[in-house]
Q: 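My questions all concern the structure below.
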Amino acid sequence: MSAPAREEDEEQRVLSHEENRQARSRSLALLRELLHPVRGQFAAMSVMVVIAQLAVVAGPAIIAWGIDNALQPMVQGNPAPALGAAALHLGCAIVGGVLTFGYVRQGTAVGEQMLLSLRRKVFRFTQKQDLEFHERYTSGRMVSRQTSDMEALRELVDSGVDILVGSTLSMVFTVVLLVSMDWVTGVVMLVMLIPGVMLTSWFQKRSREQYRQIRTHSARLIVHFVEAMGGIRAVQAFRKEARNEKEFDSLAQDYRDASLASTMTFGIYQPSLRILANTTIAVVLLVGGFRVLGGHLEVGALVALALYSRRFFQPIDQLASFYNTLQSGLSALEKIATLLAESPSVKESEQPTPMPSSSGRIDFEDVSFRYTADGPTVLKPLDLHIPPGQTVALVGQTGAGKSTIAKLISRFYDASEGDVLLDGVDLRDISMQDLTRNIVMVTQEAYLFSGTVADNIELGRPGAPREEIEQAARAIGADEFIENLPDGYDTDVNKRGGRVSAGQRQLISFARAFLADPRVLILDEATSSLDIPSERMVQEGLTKLLGERTALIIAHRLSTVMIADRVLVVHGGEVVEDGSPTDLVAEGGRFAALYQAWQESM
Ligand SMILES: Nc1ncnc2c1ncn2[C@@H]1O[C@H](COP(=O)(O)OP(=O)(O)OP(=O)(O)O)[C@@H](O)[C@H]1O
């Protein structure tokens, strides 16, 4: 399967130094852009983090002061210093608690706000991309960007500030206080930190690799699932269920194994770190005890040191387990930033020539086309002039280039060389809005969106009144079957009973195009699978839809070809015959042979 491999490539491809730098700077720019609208809240949150951590870290120092300075006066009948220390300790705990609540809450709100903007941005961006992008970027990858990558980022932003900033600050403050209280114990602790750092670096290296595996397996699973379900018709038609199930099982097992391996690593790391933390406390107590005996340290300070050394290891633990979240969040951000950096090859003109309406004249001036810069020439230099109102049928073998010509007129792609013109204006100089008002392509799938029949027709001209929607359906002869649906025009096309046949779907999309009322219509007609009554029904609808418009029909059936004013026979990316159907039959070329074959098959 090619798509999972592409996803895997993306996950595992080793980037060059320059690519890495670019990816990082794109991520940073995106982060800055997302932070900009919430910068005020972010600053308030940062202040709260610093004060909260200071308040929390002050606790043991206050206890030390209390033991060393308040106990003696209390024994002598003066409880004031002890009460003062207790009140201060309580005050710090309350301030620390309230501010921690404040910044965690604020952090989540800020994070969610950023994610909301990002989700919207990614959706708008992907929807706006040209066809070339959508053919290249598999739907599974797109789903990953909107789901698992967003989820990874959510985890990062939800706990990021609390763990990353809070824990780091807590460690820094703790070390500063430790060393300033007793530098000897401070040094002992820092020495004990060496095995801690080694252990953590082992864990990070191993878990990074394992986490990457998990993400690759999860992406493969998503891609496989999306493909299997997206192509369910083909899967069922070719009885591919068992094979798909086997593949899915194996991918799901790989995913489980990778998750298990990662949990095992954490299972080794966490207890080891705890043992080290407890050993450190024991060593601190021992060294500190001797220092107290030697008169170099107060008992209260020793208590504080023991408390600090215990606290010191807690954030390491948290930071280490947060490391995976950080890694996957950053890599998700990078992938989303890379996606957003894609630039469409079909660009909207900056100063478009207004064209609210047109006569529908289409000209190809020396147009040649390649799908990719280094790909083969799919369309050889073509000069083609279609006057307004003409119905042109494109015929030819599969892969000849018919759809390519249609896609160039709808500006799904731009010509590699030469110009495609509408009423003498280069399509590249017409705004997308004017272009879709003038040129509409009805594709083979006749795709219906979820919603009612009326909603689906209305898409042709959003906001069109109900009367006009029904008029459009009547005009192309679709009203009869629509009114027979359970709720008529209000039937939900996705609900039971609302299901429509292929021919009916085609008629709905004709009604949609009729309502849009473009000057140029392009039809990728794929009705060969229809039975005769459906075919006749669609045929009548089609004739009405064509009306006075300029039309380009990719014709698969003789009945459609014969209603055309002109036939173009496309072969190997060239128009090899051009003329009225009757003239071409009489000429005895490729079209005549096709005509013969059609007649024989009827
Ligand atoms: N997205 C694409 N990327 C690269 N090559 C493509 C792409 N789409 C089509 N082609 C190639 O361009 C050539 C012309 O394809 P096109 O779809 O225009 O043929 P067609 O005549 O419409 O065929 P059919 O009747 O089967 O739809 C084919 O060789 C095809 O392989």
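Nothing fancy with the numbering, it's 1 onward along the sequence. Whatever order the structure lists them in is the order used to number ligands and atoms, beginning at 1. Note that the coordinates shown come from a computational prediction; the quantities given were computed from them, not determined experimentally.
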Q: Please state whether the rings of Phe369 and Tyr371 are parallel, tilted or perpendicular, taking 30° and 60° as the class boundaries.
A: perpendicular
Q: Can you sort out which atoms of ligand 1 are near Gln397, meaning under 4.0 Å from one of its heavy atoms?
A: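 Those atoms are 21 (O).
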Q: For Gly401 and ligand 1, answer yes if some heavy atom of the residue is under 4.0 Å from a ligand atom, otherwise no.
A: yes
Q: Taking 4.0 angstrom as the limit and counting only heavy atoms of Ala400, give me the atoms of ligand 1 inside it, by number and element.
A: 19 (O), 20 (P), 21 (O)
Q: Is the closest N or O pair between Lys402 and ligand 1 shorter than 3.5 Å?
A: yes
Q: For ligand 1, which atoms have a heavy atom of Ser403 less than 4.0 angstrom away?
A: 17 (O), 18 (O), 20 (P), 22 (O), 27 (O)
Q: If you measure from atom 5 (N) of ligand 1 to every heavy atom of Tyr371, Phe412, Phe369, Tyr413, which option wins on shortest distance?
A: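 Closest candidate by heavy-atom distance is Tyr371.
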Q: Do the rings of Phe248 and His224 sit parallel, tilted or perpendicular, given the 30° and 60° boundaries?
A: tilted
Q: With a 4.0 Å cut-off on heavy atoms, is Gly396 in contact with ligand 1?
A: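 Flag not set, Gly396 not near ligand 1.
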Q: Can we say Arg461 and Glu468 salt-bridge, meaning some charged N sits less than 4.0 Å from an Asp/Glu carboxylate O?
A: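 Yes, charged N to carboxylate O under 4.0 Å.
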Q: Compare Ile554, Thr377, Val378 and give the one whose heavy atom is closest to atom 13 (C) of ligand 1.
A: Val378
Q: Numbering the atoms of ligand 1 from 1, which are under 4.0 Å from a heavy atom of Thr404?
A: 14 (C), 15 (O), 16 (P), 18 (O)
Q: Should Arg566 and Asp578 count as an ion pair when the cut-off is N to O under 4.0 Å?
A: yes
Q: Between Lys246 and Asp249, does any NZ, NE, NH1 or NH2 come within less than 4.0 Å of an OD or OE carboxylate oxygen?
A: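 Salt bridge: no.
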